[in-house]
Amino acid sequence: MPELPEVETVRRGLAPLLIGRRLLRAQVAERRLREQVSLAEFRRVEGATVVDVRRRSKYLLLDTSAGQTVLVHLGMTGQIWVADHDRPPAPHQHVVIPLDDGREIRFADTRRFGLLRVVAEARLSGHPLLRGLGPEPFDPALSAADLRSGSRGRRRPVKSLLLDTGTIAGIGNIYACEALFRAGIHPARAVGRIRTDRWERLLEELRAVLTEAIRAGGTTLRDFLNAEGGPGYFRIRLRVYDREGDPCGRCGRSIRRIVQAGRSTFYCAGCQR
DNA sequence: AAATGAACCTGTTTGC
DNA sequence: TGCAAACAGGTTCATT
């Protein structure tokens with residue numbers, strides 16, 4: 001569900017609600033997430049103030065005055081928002097962190113692929129969850145020339161490279177498909193057979209689609225909600241994702257669906273080579 | 001070494 | 001109508 005634009009949307013919504021607030025004692029209804037939720041970890045931020053809300057790849061980072069950071073991942077169906085404490089609990093609401101203003105942070109996750117951890121800020125960059133991440137898509141250090149040279153001779157399908165968070169962080173299935181369509185590159189094309197100018201174009205289109213999606217508040221297919229509990233509006237602007245059989249808006253041919261590495265890929269055989 | 005498939009979960013949609 | 005299979009935005013581990 002949530003890829004970079006959705007997590008960034010949540011980050012922007014949470015930041016003004018959380019910065020300056022104190023975190024009180026966490027309540028855990030279900031600890032069996034992707035990793036076990038630890039009450040002991042949350043004790044380390046009890047009474048601490050949130051000083052910043054950041055994002056790295058698809059992770060949210062709540063930095064606190066205790067020098068500890070709450071690391072949040074939404075998996076496929078995770079939601080995190082702020083609610084008044086007297087609101088009834090949402091379905092699959094697993095963790096609540098009360099705030100000092102009568103409200104509380106709520107985390108719900110139907111499929112439980114998400115996680116919440118508390119990590120010392122000084123150890124964040126070396127932490128196993130973050131250590132292997134590649135550059136952010138908007139990092140100016142990410143270059144077409146590097147992608148080209150790193151791909152020479154490789155036969156890996158380009159879509160699989162986009163989904164590899166060790167190469168570029170934060171891209172998921174929707175925006176990988178959309179960026180490839182916009183760049184006119186076939187998702188199965190071997191990375192070693194893409195020239196530098198096409199890498200330039202792909203990087204450009206990737207950044208453009210992410211920017212537009214963030215501006216629209218992300219894509220809601222079924223579960224995604226922002227920090228205010230509302231949906232994102234980028235879905236209607238998707239050109240290929242989840243549009244199998246629809247006519248391509250550019251050439252009119254039918255959008256195809258194939259499976260790559262066990263995941264659906266949507267593309268236009270007329271526009272993508 | 002690199003790529004695919006399975007696994008982790010629950011809910012919804014699709015097809016017979 | 002009912003049931004089973006397929007599928008879902010992510011990540012990691014095991015297996016070719």
Apply side chain to side chain contact (heavy atoms under 4.5 Å, CB included) to the pair A/W199 and A/V191, showing each step before the final yes or no. CA-CA 9 Å; A/W199 282 116; A/V191 292; 3.9 Å; yes

Check: Any ion pair linking A/R215 and A/E212 (charged N to carboxylate O, less than 4.0 Å)?
Finding: no

Note on DNA chain C: ranges paired as stems (three or more Watson-Crick/G-U pairs in a row, both atom distances under 3.5 Å) are B:2-8 with C:10-16, B:10-16 with C:2-8

Contact check, residues 106-117 of chain A vs DNA chain B, heavy-atom distance under 4.0 Å, returns A/T110, A/R111, A/R112, A/F113

Rounded to whole Å, the CD1-C1' distance (A/I258 to C/dA6) equals 18 Å

So the contacted stretch of DNA chain B, first to last nucleotide with an atom under 4.0 Å from a non-hydrogen atom of chain A, runs from B/dA2 to B/dG11

In terms of heavy-atom contacts, A/F266 and A/V240 come closest through CB-O, 3.2 Å

Q: Answer yes or no: is there an ion pair linking A/R12 with A/E8, defined by an N-O contact shorter than 4.0 Å?
A: yes

Just call it for A/R32: base, sugar-phosphate, or nothing, with non-hydrogen atoms closer than 4.0 Å on any strand. nothing

Rounded distance in Å between the P positions of B/dA6 and C/dA5
15 Å

dist A/L23:CG -> A/L62:CG (nearest 0.5 Å) comes out at 7.5 Å

Contacts table for residues 130-141 of chain A: side-chain donor-acceptor under 3.5 angstrom, sequence neighbours left out:
residue : atom : partner : partner atom : Å
A/E136  : OE1  : A/R55   : NH1          : 2.9
A/E136  : OE1  : A/R55   : NH2          : 3.3
A/E136  : OE2  : A/R56   : NH1          : 2.8
A/E136  : OE2  : A/S57   : N            : 2.6
A/D139  : OD1  : A/A141  : N            : 2.7

- Roughly how far apart, to the nearest Å, are C/dC3 and B/dC9 at atom P? 26 Å

Sugar-phosphate only, base, or nothing, as touched by A/S264 at under 4.0 Å among non-hydrogen atoms: sugar-phosphate

Sorted by position of nearest nucleotide on DNA chain C, 5' first, the leading residue of A/V259 and A/R263 is A/V259

note: A/Q79, atom CD; C/dA8, atom P; distance rounded to Å ~ 19 Å

When the P atoms of C/dC7 and B/dG5 are compared, how many Å lie between them, rounded to an integer? 13 Å

*Dump the intermediate steps for side chain to side chain contact (heavy atoms under 4.5 Å, CB included) on A/L142 and A/R207, then the final yes or no.*
CA-CA 11 Å; A/L142 179 63; A/R207 286 167 171 157; 3.8 Å; yes

Any base atoms under 4.0 Å from A/R235, or only sugar-phosphate, or nothing? Heavy atoms, all strands. nothing

Parallel, tilted or perpendicular, as decided by the 30° and 60° cut-offs, for the rings of A/F107 and A/H94:
tilted

Sorted by chain and number, sequence neighbours left out, side chain to side chain donor-acceptor pair (under 3.5 Å) with A/T167 holds for A/D164

Taken to the nearest whole Å, CG/A/N173 to P/C/dC7 is 13 Å

Those residues at least two apart in sequence (or on a different chain) that pass side chain to side chain contact (heavy atoms under 4.5 Å, CB included) with A/Q260 are A/P157, A/K159, A/P187, A/A188, A/I258, A/T265

To the nearest angstrom, the CZ-P distance between A/R131 and C/dT11 comes to 16 Å

note: A/D223, atom CG; C/dC7, atom P; distance rounded to Å ~ 18 Å

*Carboxylate-amine/guanidinium contact A/E3 A/K58, below 4.0 Å*: no

Answer yes or no: is there an ion pair linking A/R235 with A/D242, defined by an N-O contact shorter than 4.0 Å?
-> yes

